[in-house]
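One structure is given here, and the rest of the page talks about it.
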Amino acid sequence: MSIYDTLNREQQEAVYQTEGPLLILAGAGSGKTRALTHRVAYLIGEKGVKPWNILAITFTNKAAGEMRERVNQLVDFGAESIWVATFHSTCVRILRRYIDRLGYDNSFSIYDTEDQKSLMREVCKRLEIDTKIYKERAILGAVSRAKNELITPEGMLKSAEGDYGKKRVAQAYEEYQRMLKRNNALDFDDLLMKTVELFLSCPDVLDSYQERFRYIMVDEYQDTNTAQFQLIRLLAQKYENLCVVGDDDQSIYRFRGANIRNILSFEKVFPNTRVIKLEQNYRSTKNILKAANEVIHHNYGRKDKTLWTENEQGEKLVFRQFMNGFEEADYLVEAIRRRVREGEAQYRDCAILYRTNAQSRLFEEKLIYAGIPYKLIGGINFYARKEIKDILAYLKLVDNGQDDLAVQRVINVPKRGIGATTLNRAMDYAQAYGISLYDALMQASKIPGMSRGAGKVLPFTVLIERLRAIKEHSTLPELMDAVLRESGYLKALEEEGSEEAQGRIENIDEFINKVTVYQESAQEPTLSGFLEEVALVADIDGLEEDSNYVVLMTLHSAKGLEFPYVYLAGMEEGIFPSYMSIHADEAQEELEEERRLCYVGITRAKKALVLSAARQRMVRGEVQYNSISRFVGEIPEEYIEEQKREPIREVPRAAAYAQAKQAFQNKSFESKQFTVKRADTLEYKEGDRVRHIKFGEGTVTSIVEGGRDYEVTVDFDGAGIKKMFASFAKLKKI
DNA sequence: TGATCTGCGGTTTTT
DNA sequence: CCGCAGATCA
């Protein structure tokens with residue numbers, strides 16, 4: 001009996017077909033990860049393939065980690081030398097090594113969307129583009145689409161012949177690229193495009209990677225864009241041992257450039273492709289699966305397949321309509337609480353899914369009020385918070401002196417009396433001499449008209465130089481500490497003393513924790529390594545399996561996950577499918593994508609699925625009246641039970657709404673008091689021995705009563721003296 | 001130069 | 001409804 005006997009016939013075929021192009025069409029819950037991991041094990045164990053000759057590309061870091069772990073359990077050794085990574089981190093690793101061939105410095109920065117926007121604003125200013133007419137966002141969107149299609153600024157300029165608007169966008173694209181390069185920075189899309197460019201212009205580099213990656217596997221293939229496809233094609237074209245796994249019915253990233261043709265015409269690009277379909281579902285009940293099948297059958301132009309399962313019939317799906325969003329949230333939270341109370345489920349078995357991040361707020365408030373632990377995925381990224389971005393900018397500047405954006409961000413944070421005038425002079429000077437902004441500041445005394453400003457700039461450059469020196473002989477947490485202290489950033493926050501500032505300090509503490517974890521867990525911790533890890537984390541990467549909380553996230557984030565109990569909220573026309581998709585130029589196409597998203601949502605559920613809608617809902621400060629989503633109607637009655645539909649009540653709608661809102665706010669006000677109120681007593685006192693999750697054991701040296709929490713100082717045996725908030729630090733008396 | 005005010009517009013989804 | 005960019009004032 002071998003490990004492969006537990007697989008079904010199709011899965012086995014996928015495992016044994018190791019040579020040549022292979023397309024696995026894997027339906028939701030069909031055990032594709034199992035097939036993939038066994039395939040890797042088979043390659044290593046039976047075919048004698050060296051682990052380092054295998055490349056596995058996943059969609060998120062979380063998926064990569066899981067894959068590595070599961071392979072680890074199957075093979076005796078060598079799993080750690082398999083290259084398992086996302087497209088973006090793969091590209092970064094390659095570019096860190098070779099991007100100098102394209103005229104960039106290997107210590108390039110990675111710009112996030114906020115950085116991109118600042119840069120584009122600057123571009124528009126320079127080109128005198130009126131951002132009232134051409135919005136930065138729109139231009140960036142066009143640039144991103146171009147990059148995903150591997151279209152260069154020159155290419156765009158050519159195709160813009162005669163179209164003034166398009167020409168302006170192309171010019172902006174060109175200038176934007178020029179500025180990125182001058183800042184020695186790449187945006188997300190560049191990571192892919194520059195790697196393709198590198199391979200095309202340096203055949204020797206391409207060849208070395210073709211030799212290295214003799215066996216290539218790509219997960220979530222339906223969500224690849226043209227640039228990603230070309231990247232794979234180039235890498236695979238020598239040996240053609242390329243295995244892609246995907247499900248055209250789960251393609252939900254068209255808006256991000258995902259090209260469904262990549263899956264639909266894979267067989268044309270690789271003529272000898274073997275196609276295997278995995279259609280047996282191991283995840284959901286019959287009712288759930290059949291409902292999903294029915295919904296997705298309303299789409300055209302899909303590869304035909306029908307999932308089936310041997311699982312039990314299960315409960316019928318439930319649909320309920322409520323008067324408004326508050327009642328909906330109330331009910332779902334109550335339903336979860338009941339399931340847990342009755343021992344049917346644990347919190348971690350339950351997920352609330354919705355179309356847009358904004359919908360999460362109501363659920364959060366209700367969950368807090370109910371005292372139910374929850375984890376919110378998505379929304380504003382931790383690393384996008386102002387204070388974190390500020391610290392990151394310092395670190396980036398220490399790492400890459402050409403990053404003008406980072407300089408602009410922190411030169412006057414905290415206040416150093418360096419204003420717009422000084423900064424502009426320095427920027428003009430930098431431009432005139434073709435040097436970076438930071439280098440210009442280094443020669444501040446030479447800059448005309450800056451006699452006064454120069455005196456203020458000097459301490460700043462001295463600070464950065466000092467930090468650079470510290471970086472050379474310190475660990476990252478030590479460097480962080482130096483940044484926080486010597487820049488005066490922490491002090492400024494502490495002096496502010498507001499509740500907001502306190503929150504920021506807590507975030508910074510959390511950030512220090514992350515740096516510490518990185519320092520301790522990375523094989524070879526470096527500043528650049530840390531910065532890129534930060535740039536490439538996805539929200540979903542923060543989801544830990546072993547903790548026990550209700551999960552809240554968008555349908556997009558839920559892809560690839562499964563939960564016993566799923567609550568699909570906001571099933572309303574205009575919400576899901578979204579208003580945008582209904583009114584788009586290509587409404588048919590976009591609605592089909594929404595339907596695929598719905599299919600993804602339904603198929604996340606293992607045991608039970610509840611769908612809900614609200615008759616009226618507050619969207620962007622306005623009351624909206626929505627009818628029930630068409631997707632609900634696409635599920636035949638035999639699989640779904642409609643528990644309650646709100647009658648149209650003869651109350652003035654606005655008044656009813658105001659009432660509901662009032663009631664809700666009263667409750668949530670109580671809840672805030674309830675949750676924010678610090679514990680009346682702490683389980684430890686001064687002099688006690690306590691344990692902290694990261695710092696280990698230590699002695700409490702002081703406890704100070706703060707505004708809404710206790711500030712505890714602990715002298716840790718290993719980590720030294722730390723100050724922390726009691727509710728945040730979760731210290732345990734020992 | 002910094003701090004506050006105000007008006008506008010924006011989100012659908014994310015590596 | 002919220003956040004932010006630009007304008008205005010101290």
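In what follows, every chain begins at residue 1, and chains take the letters A, B, ... in the order their sequences are listed.
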From B:dT15, B:dT13, B:dT12, pick the nucleotide closest to the side chain of A:His88?
B:dT15
A:Arg126 atom CZ: more than 12 heavy-atom contacts under 6.0 Å:
yes
Counting any heavy atom closer than 4.0 Å, what does A:Tyr253 reach on the DNA or RNA strands: base, sugar-phosphate only, or nothing?
sugar-phosphate
First of A:Thr356 and A:Thr113 reached from the 5' end of DNA chain B, by closest nucleotide:
A:Thr356
B:dT13 P sits how many Å from A:Arg596 CZ, rounded?
18 Å
For A:Glu593, which contact category applies under a 4.0 Å heavy-atom criterion: base, sugar-phosphate, or nothing?
nothing
Using a cut-off of 6.0 Å, state whether more than 12 heavy atoms not belonging to A:Glu494 lie near its atom CD.
yes
Establish, for the pair A:Arg96 and A:Phe108, whether the NZ or CZ atom is under 6.0 angstrom from the six-membered ring centre and no further than 45 degrees off its axis.
yes
Counting the atoms with a prime plus P, OP1 and OP2 as sugar-phosphate, which does A:Lys559 contact under 4.0 Å by heavy atoms, base, sugar-phosphate, or nothing?
nothing
Distance, rounded to the nearest Å, where A:Gln359 contributes CD and B:dT11 contributes C1':
12 Å
cation_pi(A:Arg596, A:Tyr599) dist<6.0 Å, angle<=45:
no
Do any side-chain nitrogens or oxygens of A:Lys135 fall under 4.0 Å of OP1 or OP2 in B:dG9?
no
Value in whole Å for how far the C1' atom of B:dT15 lies from CD1 of A:Ile57:
13 Å
Rounded distance in Å - NZ (A:Lys147) to P (B:dT14)
21 Å
Atom CD of A:Glu220 and atom C1' of B:dT14 are separated, to the nearest Å, by 14 Å
If you look at every strand shown and take non-hydrogen atoms under 4.0 Å, does A:Asn357 touch a base, only sugar-phosphate, or nothing?
sugar-phosphate
Once you round it to whole Å, what is the distance between P of C:dA5 and CE of A:Met120?
15 Å
Under-4.0 Å side-chain N/O to phosphate OP1/OP2 contact, A:Arg137 with B:dT11:
yes
State, without any angle test, whether A:Glu387 and A:Tyr489 hold a side-chain donor-acceptor pair at a distance under 3.5 Å.
no
Can you measure A:Lys386 atom NZ to C:dC4 atom P for me and round it to whole angstrom units?
11 Å
Which part of the nucleic acid, if any, lies within reach of A:Asn412 when heavy atoms closer than 4.0 Å are counted: base, sugar-phosphate only, or nothing?
sugar-phosphate
A cation-pi test, strictly: NZ or CZ of A:Lys559 under 6.0 Å from the centre of the six-membered ring of A:Phe59 and no more than 45 degrees from its axis. Yes or no?
yes
Toward the 5' end of DNA chain B, by each residue's nearest nucleotide, A:Thr422 or A:Met580:
A:Thr422
Taking only the side-chain nitrogens and oxygens of A:Ser581, find out if one of them lies under 4.0 Å from OP1 or OP2 of B:dT12.
no
Would you mind reading off the distance between A:Lys194 atom NZ and B:dT15 atom C1', rounded to a whole angstrom?
18 Å
If you compare every side-chain N and O of A:Arg121 against the phosphate oxygens of C:dA5 (OP1, OP2), does one of them come in below 4.0 Å?
yes
Looking for any heavy atom pair under 4.0 Å, which part of the strands does A:Phe87 touch: base, sugar-phosphate only, or nothing?
nothing
Ring centroids of A:Phe255 and B:dT13 base under 5.5 Å with planes under 30°
yes
